[in-house]
Amino acid sequence: MHGAVVNAGVRVGENSIINNRSLFEHDSTVEDHCHISTGAILNGGVTIGEGSFVGSGTVIKEGVKIGQDCVIGMGLSVRSNQADYSRYTGKSSS
Ligand SMILES: CC(C)(COP(=O)(O)OP(=O)(O)OC[C@H]1O[C@@H](n2cnc3c(N)ncnc32)[C@H](O)[C@@H]1OP(=O)(O)O)[C@@H](O)C(=O)NCCC(=O)NCCS
């Protein structure tokens, strides 16, 4: 979508939404059926597993791996890996 930036070495799977002004930094991977929301930032080498959602304005630290079918809320800083099927709101993941 408008204003999205996809940097060098990024891989995006099929049927994924790269929403307005999201930033995919170098060597990050987004698997199939994901939604990376408006203004989200994936730093270098981040992996987003199949079917996962990343909310608006959320920043994911370099190298972090988000599992499959995760929901990562908006406006958050994610600094650690998240297991498959996690729901992350910054308080605790479940
Ligand atoms: C993560 C999310 C899906 C959870 O929605 P939900 O299941 O309806 O959860 P609730 O809004 O009932 O919130 C449950 C609790 O988590 C907290 N919470 C939920 N999302 C949060 C967030 N992003 N940041 C901080 N806290 C959050 C709520 O404050 C609430 O805390 P409480 O129990 O102490 O009151 C939603 O909050 C969210 O972030 N949606 C993303 C929207 C978005 O980015 N859209 C993009 C369109 S392009």
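Values below: every heavy atom of this structure, side chains too, minus hydrogens, waters and symmetry copies. Both counts, for ligands and for their atoms, begin at 1 and track the order of listing.
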Within a distance of under 4.0 Å, is there any protein heavy atom near atom 37 (O) of ligand 1?
no
Exactly one of Ile18, Asn43, Asn7, Ile41 clears side-chain contact (heavy atoms from CB on, under 4.5 Å) with Phe24, and that residue is Ile18
Are the side chain of Gln82 and the backbone N or O of Ser80 linked by a donor-acceptor pair below 3.5 Å?
yes
Determine whether any protein heavy atom is located less than 4.0 Å from atom 1 (C) of ligand 1.
yes
Which atom pair, heavy atoms only, marks the closest approach of Gly49 to Cys34?
O-SG, 3.1 Å
Give me the residue, atom name and distance of the protein heavy atom closest to atom 39 (O) of ligand 1.
Met74 N, 2.9 Å
Looking only at protein heavy atoms, what sits closest to atom 24 (N) of ligand 1 is Leu76 CD2, 3.5 Å
How long is the span from the CD1 atom in Ile48 to the OG atom in Ser28, to the nearest 0.5 Å?
8.0 Å
Heavy-atom contact under 4.0 Å between Tyr88 and ligand 1?
no
Can you report which non-hydrogen protein atom sits closest to atom 45 (N) of ligand 1, along with the distance?
Phe53 CZ, 3.9 Å
Subset of ligand 1 atoms that lie under 4.0 Å from at least one heavy atom of Ser37:
46 (C), 48 (S)
Honestly curious: do Val10 and Val30 fall in one hydrophobic cluster under the side-chain, below-4.5 Å linking rule?
yes
State yes or no: do Val71 and Leu76 share one hydrophobic cluster built from I, L, V, M, F, W and Y residues joined by side-chain heavy-atom distances below 4.5 Å, directly or via other members?
no
With respect to Ser56, determine whether any N or O atom, backbone or side chain, lies less than 3.5 Å from an N or O atom of ligand 1.
yes
Report, in ascending order of atom number, the atoms of ligand 1 lying under 4.0 Å from any heavy atom of Gly55.
44 (O)
Is any side-chain heavy atom of Tyr88 less than 4.5 Å from a side-chain heavy atom of Val78?
yes
Mark up the atoms of ligand 1 that fall under 4.0 Å of a heavy atom belonging to Gly73, in ascending order.
1 (C), 23 (N), 39 (O)
Would you mind checking which non-hydrogen protein atom is closest to atom 48 (S) of ligand 1, with the distance to 0.1 Å?
Asn19 ND2, 3.5 Å
min-distance protein heavy atom vs atom 14 (C) of ligand 1 -> Arg87 NH2, 4.0 Å
Less than 4.5 Å apart, any side-chain heavy atom of Ser37 and any of Phe53?
yes
For atom 31 (O) of ligand 1, what's the nearest protein heavy atom and its distance?
Lys91 NZ, 2.6 Å
Protein heavy atom under 4.0 Å of atom 12 (O) of ligand 1
no
Output, in order, the C-alpha distance, side-chain angles, deciding distance and verdict of side chain to side chain donor-acceptor pair (under 3.5 Å) for His2 and Asn20.
CA-CA 5 Å; His2 299 290; Asn20 300 307; 5.0 Å; no
OG1 of Thr89 to CE of Met74: how many Å apart, nearest 0.5 Å?
11.0 Å
Ile72 and ligand 1 - part of the residue with a heavy-atom distance under 4.0 Å
neither
Hey, is atom 34 (O) of ligand 1 under 4.0 Å from any protein heavy atom?
yes
Nearest protein heavy atom with distance in Å, relative to atom 3 (C) of ligand 1
Val71 CG1, 4.0 Å
For Thr38 and ligand 1, does the shortest N/O to N/O distance drop below 3.5 Å?
no
In the structure I gave you, are the side-chain heavy atoms of Arg11 and Glu31 within less than 4.5 Å of one another anywhere?
yes
What protein heavy atom sits nearest atom 25 (C) of ligand 1, and how far away is it?
Thr89 O, 3.3 Å
Has Thr47 got a side-chain atom pairing as donor or acceptor with Lys65's backbone, closer than 3.5 angstrom?
no
Is the shortest distance from atom 8 (O) of ligand 1 to a protein heavy atom below 4.0 Å?
no
